[in-house]
Each structure stands twice: as structure tokens, then as C-alpha cells.
There are 2 protein chains.
Amino acid sequence: MPRSRHSDALRAAQMYYLQDLTMDAIARELRTSRSTVSRLLSSARDTGLVQVQIRSPLDSAPELERMIREQHNVDVHVVPVLDTLNEAETLDRVAMQAARTIGPLVDSNAIIGIAWGATISAVSRHLTRKITHDSIVVQLNGAGNMQTTGITYASDIMRRFGIAYGARVEQFPVPAFFDHASTKTAMWKERSVRRVLDLQDRMSIAIFGVGSVDSSYPSHVYAGGYLDENDLKLLAGSDVVGDVATVFFRADGSSDGITLNERSTGPSHEQLRQVRRRICVVSGASKIDGLRGALAARLATDLIVDEATARRLVGFGDSA
Amino acid sequence: MPRSRHSDALRAAQMYYLQDLTMDAIARELRTSRSTVSRLLSSARDTGLVQVQIRSPLDSAPELERMIREQHNVDVHVVPVLDTLNEAETLDRVAMQAARTIGPLVDSNAIIGIAWGATISAVSRHLTRKITHDSIVVQLNGAGNMQTTGITYASDIMRRFGIAYGARVEQFPVPAFFDHASTKTAMWKERSVRRVLDLQDRMSIAIFGVGSVDSSYPSHVYAGGYLDENDLKLLAGSDVVGDVATVFFRADGSSDGITLNERSTGPSHEQLRQVRRRICVVSGASKIDGLRGALAARLATDLIVDEATARRLVGFGDSA
DNA sequence: TTCCGTTCTGCACGTTTGTGCAAATAGCTT
DNA sequence: AAGCTATTTGCACAAACGTGCAGAACGGAA
């Protein structure tokens, strides 16, 4: 970047955030206008030059967070939102806070696995930039369905992550579900596919939402033409409560004997649990059953969740 | 710490910094006035709940920083200041930025060694709080002189560090220099003194300025009645250019044969070099000779310095 | 309970900051 | 060099913010 532009942004940021000067004073030192300084600072913020972090000392964390942390053994971030907000607004705010919470966790040489979905799509729209080296963003599960190849939707998400972290993007150009398990077996031996699977094996961070069967704001998976009537009947008959990356589970976290999973392209739960950092983003109380299942399956090490859902999770529906 | 006050500050901080809401919107959600939110946020900032960090990606660091980093093998933070500012203003801004730069380096269980002096005193006035557990702040060198015990001056500095990091404070109630080296030898065997020396041995962070002999803004050491005429003559006759924690060195970093050091209560350079993180704060171009010596002696791992002095250090006195 | 000292709150005002817009500048192409 | 487009700049205005002050709420002590 224009050498002087970037270094001015750095100087301005230091003076503003570290020395408490006003933009006016900075403008004079930099011999430019105050508005330019305002813009320099905002560019410093969203190129990740300035990093704002909120560190709630664990021992003074609110009751709610402590309870979830202990009951489910996850690092939890409760996003404060009025429970009167509608689902879309809540999602937006959860997504924004999630994006900023994820930022500091991403490092150079990371391999970041991303599951597509409404929640993660929202997150991808709020990422702040952070320059890393040799990071890779890898898609966790196929996005094709009967109508489309799903490329644009999923790849937009992937691309945004790639841009934000300066990372290479590896798409996964397969359908979400194969029609026949045998096709999957065959494809999984193809070298082009293996390359992606190998990356998934080595990923250091996974980021995903959860699908919930009874969600009133239904996940793409259940509504978007990924499954046919037969599949849906199958699901209904097997106590499935939700999915992570199109791999289904029951309320107790188990997933053995769910035949649909054999045709799914997402990573098995066992494989997912190998990942050091597994970040689950959940917004909306209707996902509560799916979330419970995912936690029971120990799929997440970190949970970012709106306050109302967090309350439901520990049992009390209203005030603190 | 009224439970609700602190947790409101946390919520407000999350909404403001992580969700980009305005204070007005936050006030409505919290059912309070906007001004209260403003105050909540500022308390969140200076209790360390909100941490602002500036991370200049090393490879895009300005020329100046890179040169110093390579020439002297230190992690350097150049504080941007107009070179037209007077010494006092420069000191203030360097001190503020130093305080905020040090913050993130302090962790729980740290043993922090502090040298008193005009520079560190200024730093101590700008520390932002950060809650740690079981940290200890230990004084590196005595502050007594012929007129006073030096207790109040040095202990104010120490106390401020202690408060900022919630750390226990260990003073060092000895003079800056003994009149007789033999007294030092004797005292160094006393258990009350040993306790402090043992802490110094185990310190994980040391924070100090440098004294420079020719400083036009003379260090306390050279002006404050710590040394008598004889001592000063001794110094003049031995090529001394400066000191760190009242231990002197020459331009090449050597300190052998400087007899005054045998009576000084500060840690030997050898001992200081054992410390993992050694942060040197320097403000004012008149300290350049002292700084050069300190760097030659490899006393610092981190250097925080004003821009004008940094320029002099690498040789070009003016513009970039 | 009343009293008094302390802390907290909201208001009002002045200051600081974000941003649409038009002019200026920089970067390319011909 | 001229011409064209894409950025960048400063201005002016509106929005957002910090803070002194006076009154309210709180927390003991008598």
C-alpha cells in the first residue's frame, strides 16, 4: 500500500489511541485536515492495525457465562441483546461480535475450516481485516444441491474470510449430500478431493453454526432443496435434533446409525473434535435444541451465543 | 465493585466496541442515560476491561524501527512526537505510550522490577489498570540519599505500579549508594535485604529509564545529592556515559573497574541481562549517549523511545 | 429514624467526531 | 500533452461524545 498512507495511519493510531490526542491535534502534526485523520483512523481500525479487545477477567464473568462454561466445558461469549429484538437484528449483532471475537484467534499459518450457513454468512459480512501469512481458509462441506452447484453462495462466504485474513481459499466443489454413499466413497479417493480433505485434517480452527430441526427460521439445509422428501422422513424417524456442517446428531450428541451422514460431505464429529479450536456461533432461541445436541457431542471449544438463547440453555427463560 | 456496575460496564463495552452501537442506543438498552454510558465506558477503559492494541505488522514497520531493531537487536516502539515539542511534553507523551505498551506485557504471576527516576515516574502516572493475580512489584535500587530516605518519591512510583496491576509491592529501603562498599557486603547478607534480592533474581520483567551524564535535563542521580564531589570526580575520570538503575557504564557498554558500582544498590548488568523482558523507556535527545551505552551493554530487550531520539540513534537527525 | 458525607445520575452545554459533496489530485491511456 | 477515470482532500453540517454541576440516591453513625 502507498507507503506514506499506511505509515500515517499508524502514526495517527498511536497518537489517538496511545497518547489520547484529539484528531485535531493529530491533523496539525501530520499537516493535514482533521477529516483525513478521521478517515486514517477508521482505515487503521478496519485493516486490523488497531485491535480492540474485551477481556473479562474470568473470575468476574457474569453468572450466566460461568454456568455455561462449567456445565458444558466451553469458552463462552454471551452477546448482550435485548430479547425484544427480532431474529434478523439479533443475528446481525451476534455476527458482528462473533467476527470481532474470532479475529484475535486467527494467526499466521492457521488452517481455518468454514461451514457455510445463514449464521456464518452473517459473520463473514462483519469480519475485520487482520494480516496473516500463509493462512488457508478451507470449506468444510459441499454446498451443491439439486438446483444449483451452490458455488456462489458458499464461495462468497469463503472469499470474505480469505480477504479478511489474507488467506488462500480452498473451495470444496461437491454437493452437500451425495445421492449414493458409494459415490462419496469413490470421490473421497480422488486426488482433487483428497487435497481438500487433507487440509481439513490439518485445520487448526473450525468455525460453524448449528442447524436445528425445529428452527422457525429454518436452516438452509432443511429448506433449500438439499434433501428430498424421503430424506426428511428418514430424519424425522431418527430423533435427529440438528446438524453441524450437514452432519446430523441426536439430543444426546450421538450420531451413530444416522444413515444420512454416510452421504453427507461434512467432517465427521470425530474428525471435528480433533481440531484444537472449534468455534460455534448461534443466534436465535429456536436453535436451542440443535445447540444442546452440539454441546452434548462436544463439537465446540468456543461458543458465541446471544443472551436470550444463553439463558434458555441454563434453564431460566427471563431476567438475570 | 457493585456487581451490577461492573457487569453493566462489560455489557456496554461489548455493545460499543464489538457491535458498533452508539452510546445512545446502549443507554436505551440499559435503561439509563447516555452520560452514564459514557462514564461506564471510560471506566471500562481504565480498569483494563477494554484493551486497545496497535499491532504494526513487523514487515510493514517503518524504516526507522526496522533499522534500530536490526542494529541493536531490540524490540523497538518509536513514539511519534513533533521535534518542536519541549522536553516535558515529549516526556509526557512517551510516558503515556510506554504505559499502554507495557500493559499487555504484564501477566499474572509476574515479578516486575522497577527502577525509579524521572522517566519511570512519568510512566507510572499513566498506567492503565489490568487485573493480575499474584504479581509482585519490586524496587530495583535504593533511593535514599544524604538528605532524605527517598522513600516517598520512589514509593509513590512503586505504589502506582502496584495499584495498576493489583500487585504486592516490595520496597527496597536502602540508600542509592552506600558510603562504603563493605557496608553493602554486610547488608547484602541480612535476611530482610536478601528477601528483596531474591525477588530481583526471579523477576520476569524489568522496567527502567537511562541516566545520561551530559543530559541537559539532568537525572536525579547526578543532581539530587546522591553523589558527593569526590564521586562525581571519579565518574568524570572514567569515561562513564550513563547508568541504568544507578549502575554505570561506558560508551561501549562495559562497566568493569567502575568503582562506584561496588557501592551502588542496583542490580549488576549481568544480573539484569538474565531477565526475560527488559523494557527501557527513553525520552529526550540529550539521553542519546546513555542510551547508546545501554544498548551496547545489551541491557534492554524492548525499547520505547521518542522519534527524535530514535532518529539520532540511527544517525540522521532530521526528516524521514 | 434522622442526619450527614459520599457516590451516582441526568441535564445542558461545548467539544469532538463522522460523512456527503464538490473540488483537487493522482494515475493511466491515447 | 491532453483527456479521462478513480482516489483523495477539505469544507460544512449533523451526529455523537465528554464533563461540570446540581440534585437524587445511597450508606453508615448516632
Side-chain angles (χ1 to χ4, degrees), chain A residues 1-52 54 60 62 80 82 89 92-93 96-97 99-100 125-126 128-129 163 320, chain B residues 1-52 54 60 62 80 82 89 92-93 96-97 99-100 125-126 128-129 163 320:
Chain A
M1 286 269 99
R3 134 94 194 148
S4 183
R5 168 110 195 146
H6 184 215
S7 88
D8 274 2
L10 177 61
R11 288 174 71 96
Q14 291 183 105
M15 296 195 264
Y16 190 79
Y17 290 104
L18 264 25
Q19 296 178 20
D20 282 351
L21 301 186
T22 71
M23 296 186 182
D24 227 339
I26 297 172
R28 280 194 298 275
E29 298 212 2
L30 257 44
R31 294 173 204 297
T32 180
S33 73
R34 197 188 47 71
S35 27
T36 297
V37 174
S38 169
R39 284 185 266 253
L40 280 177
L41 288 174
S42 84
S43 101
R45 278 189 299 268
D46 48 45
T47 55
L49 222 159
V50 171
Q51 201 106 347
V52 177
I54 300 205
S60 77
L82 274 205
E89 290 175 305
D92 206 55
R93 289 172 56 171
M96 188 177 304
Q97 186 159 338
R100 304 205 179 169
R125 259 177 269 274
H126 291 292
T128 53
R129 293 204 60 198
I163 290 171
Chain B
M1 298 277 89
R3 135 91 194 150
S4 180
R5 167 110 194 145
H6 184 205
S7 89
D8 273 2
L10 177 61
R11 287 173 72 96
Q14 292 184 102
M15 296 195 264
Y16 190 78
Y17 289 104
L18 265 24
Q19 296 177 20
D20 282 352
L21 301 186
T22 71
M23 295 188 182
D24 229 338
I26 297 172
R28 281 194 297 275
E29 300 213 2
L30 258 41
R31 294 173 203 297
T32 180
S33 72
R34 195 186 50 69
S35 27
T36 297
V37 174
S38 169
R39 283 185 266 253
L40 281 176
L41 288 173
S42 84
S43 101
R45 278 188 300 268
D46 47 46
T47 56
L49 221 158
V50 171
Q51 202 106 347
V52 177
I54 299 202
S60 78
L82 273 205
E89 289 175 305
D92 206 54
R93 288 173 55 170
M96 189 177 304
Q97 186 159 337
R100 304 205 179 170
R125 259 179 269 276
H126 291 292
T128 53
R129 294 204 57 198
I163 291 171

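The sequence lines fix the lettering, A, B, ..., with proteins before strands; numbering per chain opens at 1.
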B:A13 versus B:V50, closest heavy-atom pair with distance: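 So the two residues come closest at CB-CG2, 3.7 Å.
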Applying side-chain contact (heavy atoms from CB on, under 4.5 Å), can you list everything that pairs with [X], at least two apart in sequence or on another chain?
X	answer
A:R129	A:I131
A:T47	A:L49
B:I163	B:R159

When you compare the side chain of [Y] with that of [X], does any pair of heavy atoms fall below 4.5 Å?
X	Y	answer
B:R93	A:L21	yes
A:H6	A:L10	no
A:V37	A:M15	no

Taking side chain to side chain donor-acceptor pair (under 3.5 Å) as the definition, give me every residue that meets it alongside A:R125, ordered by chain and number, with sequence neighbours left out. A:S121
Can you sort out the partners of B:Q97 under side chain to side chain donor-acceptor pair (under 3.5 Å), two or more places apart, ordered by chain and number? A:Q14, A:Q19
Does D:dG10 have OP1 or OP2 sitting under 4.0 Å from an N or O in the side chain of A:T32? yes
Is the shortest side-chain N/O distance from A:R45 to OP1 or OP2 of C:dG18 below 4.0 Å? yes
Pair up each side-chain donor or acceptor in residues 38-46 of chain B with any protein partner under 3.5 Å, not counting sequence neighbours, and list the distances.
residue	atom	partner	partner atom	Å
B:S42	OG	B:R39	O	3.4
B:S43	OG	B:L40	O	3.2
B:R45	NH1	B:Y17	OH	2.8

Dump every N/O contact between nucleotides 23-25 of chain C and the protein below 3.5 Å, one line per pair.
none

Identified side-chain contact (heavy atoms from CB on, under 4.5 Å) counterpart of A:R28 within the set A:D24, A:I26, A:L30: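 When A:D24, A:I26, A:L30 are each tested with A:R28, the side-chain contact (heavy atoms from CB on, under 4.5 Å) holds only for A:D24.
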Pull out every residue in residues 12-28 of chain A that has a heavy atom closer than 4.0 Å to any atom of DNA chain C, ordered by number, or say none. A:Y16, A:T22, A:M23
Any residue of residues 36-43 of chain B with a heavy atom less than 4.0 Å from an atom of DNA chain C: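 When residues 36-43 of chain B is checked for heavy atoms under 4.0 Å from DNA chain C, the hits, listed by number, are B:T36, B:R39.
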Quick check for you: among D:dG18, C:dG18, D:dC11, whose closest atom lies nearest to any side-chain atom of A:S35?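 For A:S35, the side-chain atoms sit closest to D:dC11.
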How far does the helix from C:dT1-D:dA30 to C:dT30-D:dA1 bend, going by the axes of its first and last five pairs, to the nearest 10°? 40°
Provide, to the nearest angstrom, the distance between the NE2 atom belonging to B:H6 and the P atom belonging to C:dC8.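 It is 14 Å, rounded to the nearest whole Å.
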I need the CG-P distance between A:L30 and D:dT8, as an integer number of Å.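 Atom CG in A:L30 sits about 16 Å away from atom P in D:dT8.
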Pairs flagged by salt bridge (charged side-chain N to carboxylate O under 4.0 Å, His left out) wherever residues 9-22 of chain A is involved - sequence neighbours left out: A:R11-B:E307, A:D20-B:R100
Could you grab the distance from atom CE of B:M23 to atom OG1 of B:T36, nearest 0.5 Å is fine? 11.5 Å
Kindly give the atom pairs (protein nitrogen or oxygen, nucleotide nitrogen or oxygen) under 3.5 Å for nucleotides 23-26 of chain D.
none

